Every structure is written in C-alpha cells, then in structure tokens.
Amino acid sequence: MFDPQKLMEATIAGDSGTVEQLVRTALERNTPADEILNSGLVAAMDIVGERMENEDMFIPEVLMAAQAMDAGVQILKPLLADDASNAKGKAIIGTVKGDLHDIGKNLVAMMMASTGLEVHNLGVDIPPEEFVAQIKAKNANLVCLSALLTTTMPMMKETIDAIIESGLRDNLKIMVGGAPVTQSYADRIGADGFAPDAGSAAKMAKAFFAS
Ligand code: B1M
C-alpha cells in the first residue's frame with residue numbers, strides 16, 4: 001500500500017533517490033498519480049513551508065526538498081496528462097518580477113500543456129514588459145501569472161496594467177494563482193480567472209477555449 005508519510009519524509013529530507021524509488025513503487029502498486037502528487041509531494045512542501053517559517057529549515061535545505069519534489073514530479077509527469085483535446089489556446093506562463101518560486105507554476109504549465117494548449121513557460125522573475133513582449137512574440141491568447149509571496153502579488157496588478165496599456169488586453173484571458181492569491185484578489189486586479197491548484201487551472205484554461 002502507498003505510504004504518503006514515507007514519501008513526505010523523503011521529500012522533506014531532500015532525498016531525491018528515495019523519492020524516485022517511492023514514487024515508482026507507488027505507481028507499480030497502481031496508486032493514482034494525482035494521489036502521489038498531492039498526498040505525498042505537495043503535502044511535504046506545506047510542511048517545509050511551516051518549518052521555514054519557524055526557522056527549523058533554511059534555504060539550502062528547502063532547495064533540496066524542492067529538488068526532491070521535482071524528481072518525483074518528473075516521473076509522474078506523463079501520467080498526470082489529461083485528455084489532449086487540442087484546445088485552441090496559446091498560453092504564456094511565468095512567475096512575476098521579484099519572485100523566484102517555480103515549482104507550482106511548472107506544475108500548472110505541465111497540466112495546461114496536457115490539455116492540448118500550447119504553453120510557453122517563461123520562467124521566474126518576469127517583469128511586466130517581458131510579459132507584454134512575449135504576448136506579441138507568441139501571439140498568446142492566455143496569460144498566466146504566478147506569485148508565491150505577498151510582496152510580489154502587487155506585481156500581478158502591475159503586469160495586468162502593462163497589458164492594458166499595451167492595448168492587448170481585449171484579445172486575451174488572464175489567469176492568476178499561487179498560494180497567497182485569492183479569488184477576491186483576482187477580481188480586484190481585473191484578472192479573468194483564479195485557480196487554487198494546477199488541476200483546476202488547467203480545467204479553467206481549457207474551458208476558456210472550448211468552442
Ligand atoms: Co519560499 N516562501 N521564499 N522558497 N517557499 C514560501 C512561499 C513561504 C510561504 C514560506 C513560509 O515562510 N511559510 C514564504 C512566503 C511568505 C509570504 O509572502 N506570505 C516564503 C519566503 C518568505 C521566501 C523567501 C523570502 C525566504 C528568504 O529568502 N528569507 C525567499 C524569496 C525568494 C524570492 O522569490 N525572491 C524564498 C525562497 C524559496 C526557495 C528559493 C528556497 C524555494 C523555491 C524553489 C523553487 O520554487 N524552485 C522556496 C520554497 C520551496 C517555498 C515553499 C516551502 C514551497 C513552495 C512550493 O513549491 N510549494 C513555500 C511554502 C508553501 O507554499 N507552503 C515558500 C509546492 C507547490 C506545488 O505549490 O507553489 O503553491 P504552490 O503552487 C500551487 C498553487 O499555488 C497553484 O497551483 C500549484 C500546484 O497545485 N498555483 C497556480 C501556482 N501558480 C499558479 C498559477 C495559476 C493557477 C494556480 O494560474 C496562472
């Protein structure tokens with residue numbers, strides 16, 4: 001039987017080898033990929049966050065835990081794919097300026113791509129003008145902004161304002177997300193959508209372009 005506790009412990013300890021082994025074993029035992037992701041890997045990062053806050057874990061250890069989580073995600077990646085139904089969206093996704101968190105944003109990108117959307121992952125620390133330039137370069141009709149820090153949430157609004165000023169706003173949808181982001185914040189800054197997790201973000205993106 002899948003033991004999420006062991007997977008959480010290995011992830012928190014930054015033990016990528018054990019994480020890979022536990023994920024493979026869980027899959028061999030027919031544990032659904034999303035259960036392994038949510039009850040093992042994502043749950044571990046919540047504990048890492050608490051320990052970070054209490055100064056029981058420091059940046060190098062947090063980074064190792066993040067790498068261990070990514071090692072597990074890489075194995076799950078093909079299995080988390082939804083039905084690729086050739087949605088018509090062309091999305092760009094990035095973490096806003098000043099923010100270096102990318103694990104959740106990468107999960108969102110992966111899940112969106114799995115629905116058939118064309119997804120361009122711009123990376124982290126992306127300034128508003130770069131989002132605008134990439135909308136033009138990629139001819140994007142969906143812009144996805146991620147922020148994990150309360151201090152970088154206002155950069156989402158600045159990015160949306162830059163998109164409005166560029167005259168591109170009417171031709172695209174804007175989605176926002178990240179741990180501190182809420183539906184009411186999304187409404188306040190003029191986003192078209194907010195999703196609390198990667199699965200619902202992908203569903204929402206797909207729904208935007210369903211004909
Ligand atoms: Co940072 N960090 N961190 N950190 N870090 C948090 C966010 C924090 C909550 C930890 C804590 O203190 N409890 C805290 C923020 C507090 C706040 O602002 N309220 C914090 C802090 C303070 C910091 C630093 C300032 C620490 C310091 O230097 N003193 C610093 C800032 C650096 C910077 O960005 N400028 C920092 C640095 C780091 C690391 C680099 C060490 C590392 C990031 C590594 C990386 O991403 N490659 C890190 C990590 C790992 C975390 C925690 C522990 C885990 C984040 C994570 O990956 N979660 C985090 C604590 C926590 O969140 N519990 C924390 C797992 C991931 C799957 O979830 O990212 O929430 P999440 O994504 C979800 C949803 O939010 C959603 O879907 C995803 C998947 O389901 N989602 C979207 C995300 N984007 C979306 C976009 C959408 C829709 C949904 O639409 C477009």
Side-chain angles (χ1 to χ4, degrees), residues 8 11-12 14 16 19 33-74 76-77 80 89 91-115 117 119-127 131 140 142-156 159-160 163 172-183 185-186 189 191-208:
M8 278 167 62
T11 308
I12 294 164
S16 298
V19 166
D34 60 344
E35 188 185 331
I36 302 171
L37 177 72
N38 292 320
S39 61
L41 301 171
V42 174
M45 294 315 282
D46 286 338
I47 294 174
V48 169
E50 280 164 29
R51 293 191 184 171
M52 197 175 164
E53 206 164 2
N54 299 330
E55 299 190 354
D56 291 334
M57 264 179 105
F58 297 97
I59 304 293
E61 296 158 291
V62 176
L63 272 175
M64 283 182 69
Q67 280 164 4
M69 172 168 178
D70 192 54
V73 168
Q74 291 311 316
L76 297 175
K77 205 170 171 174
L80 290 166
I92 58 170
I93 181 166
T95 307
V96 295
K97 185 177 174 187
D99 200 320
L100 303 175
H101 295 84
D102 70 354
I103 299 172
K105 180 262 299 168
N106 290 344
L107 276 176
V108 172
M110 185 180 94
M111 298 293 278
M112 280 188 181
S114 78
T115 69
L117 252 76
V119 180
H120 299 274
N121 190 340
L122 307 182
V124 297
D125 193 19
I126 307 297
F131 276 105
L142 175 63
V143 178
C144 302
L145 307 176
S146 181
L148 261 285
L149 300 170
T150 44
T151 50
T152 56
M153 283 167 67
M155 195 48 72
M156 292 179 144
T159 305
I160 293 177
I163 295 170
L172 46 81
K173 300 283 188 191
I174 301 178
M175 282 178 66
V176 294
V181 182
T182 59
Q183 181 66 58
Y185 186 73
I189 63 173
D192 298 300
F194 157 77
D197 57 58
S200 46
K203 267 192 202 133
M204 180 178 282
K206 191 174 163 184
F208 278 143

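Order of appearance sets the numbers: ligands from 1, and atoms from 1 within every ligand. Remember, predicted model here, so these are calculated numbers, not experimental data.
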[X] neighbourhood, listing ligand 1 atoms whose heavy-atom distance to it stays under 4.0 Å:
{"X": "Ala179", "result": "70 (O), 75 (O)"}
{"X": "Val108", "result": "77 (O), 81 (N), 82 (C), 85 (C), 89 (C)"}
{"X": "Cys144", "result": "91 (C)"}
{"X": "Val48", "result": "53 (C)"}
{"X": "Asp46", "result": "63 (N)"}
{"X": "Asp99", "result": "34 (O)"}
{"X": "Asp197", "result": "76 (C), 77 (O), 80 (O)"}

Nearest protein heavy-atom contact for [atom]: which residue, which atom, what distance?
{"atom": "atom 23 (C) of ligand 1", "result": "Met52 CE, 3.6 Å"}
{"atom": "atom 21 (C) of ligand 1", "result": "Leu149 CD2, 3.6 Å"}
{"atom": "atom 68 (O) of ligand 1", "result": "Gly104 CA, 4.2 Å"}
{"atom": "atom 79 (C) of ligand 1", "result": "Ala198 N, 3.6 Å"}
{"atom": "atom 33 (C) of ligand 1", "result": "Leu100 N, 3.5 Å"}
{"atom": "atom 45 (C) of ligand 1", "result": "Asp102 OD1, 3.4 Å"}
{"atom": "atom 44 (C) of ligand 1", "result": "Leu63 CD2, 4.1 Å"}
{"atom": "atom 54 (C) of ligand 1", "result": "Met45 CE, 4.0 Å"}

Find the distance between [atom1] ([X]) and [atom2] ([Y]) and round it off to the nearest 0.5 Å.
{"X": "Leu63", "Y": "Met57", "atom1": "CG", "atom2": "CE", "answer": "9.5 Å"}
{"X": "Arg51", "Y": "Ile47", "atom1": "CZ", "atom2": "CD1", "answer": "6.0 Å"}
{"X": "His101", "Y": "Thr95", "atom1": "NE2", "atom2": "OG1", "answer": "9.0 Å"}

Just to be sure I'm reading this right: ignoring hydrogens, which of [options] gets closest to [atom]? Compare them by their nearest heavy atoms.
{"atom": "atom 74 (C) of ligand 1", "options": "Ala201, Ala195, Ala202, Pro196", "value": "Pro196"}
{"atom": "atom 48 (C) of ligand 1", "options": "Met112, His101, Met175", "value": "His101"}
{"atom": "atom 69 (O) of ligand 1", "options": "Ile103, Leu148, Asp70", "value": "Leu148"}

Pairwise side-chain contact, [X] with [Y], heavy-atom cut-off 4.5 Å (strictly under):
{"X": "Asn106", "Y": "Asp70", "result": "no"}
{"X": "Tyr185", "Y": "Val176", "result": "no"}
{"X": "Val181", "Y": "Met153", "result": "yes"}
{"X": "Met175", "Y": "Met112", "result": "yes"}
{"X": "Asn121", "Y": "Lys105", "result": "yes"}

Under 4.0 Å between heavy atoms, the region of Val62 that gets near ligand 1 turns out to be side chain
Under-4.0 Å heavy-atom contact with ligand 1, by part of Val124 that carries it
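Neither; nothing of Val124 gets under 4.0 Å from ligand 1.
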If you measure every N/O of [X] against every N/O of ligand 1, is any gap under 3.5 Å?
{"X": "Glu50", "answer": "no"}
{"X": "Ala66", "answer": "no"}
{"X": "Glu53", "answer": "yes"}
{"X": "Gly49", "answer": "yes"}

Practice problem: Let me know which of Met64, Gln67, Met69 forms a side chain to side chain contact (heavy atoms under 4.5 Å, CB included) with Thr11. | Solution: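 Exactly one option meets the side chain to side chain contact (heavy atoms under 4.5 Å, CB included) with Thr11, and it is Met69.
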Pick from Asp125, Leu148, Leu107, Val124: which one makes a side chain to side chain contact (heavy atoms under 4.5 Å, CB included) with Asp102?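 Testing each of Asp125, Leu148, Leu107, Val124 against Asp102, the sole residue satisfying side chain to side chain contact (heavy atoms under 4.5 Å, CB included) is Val124.
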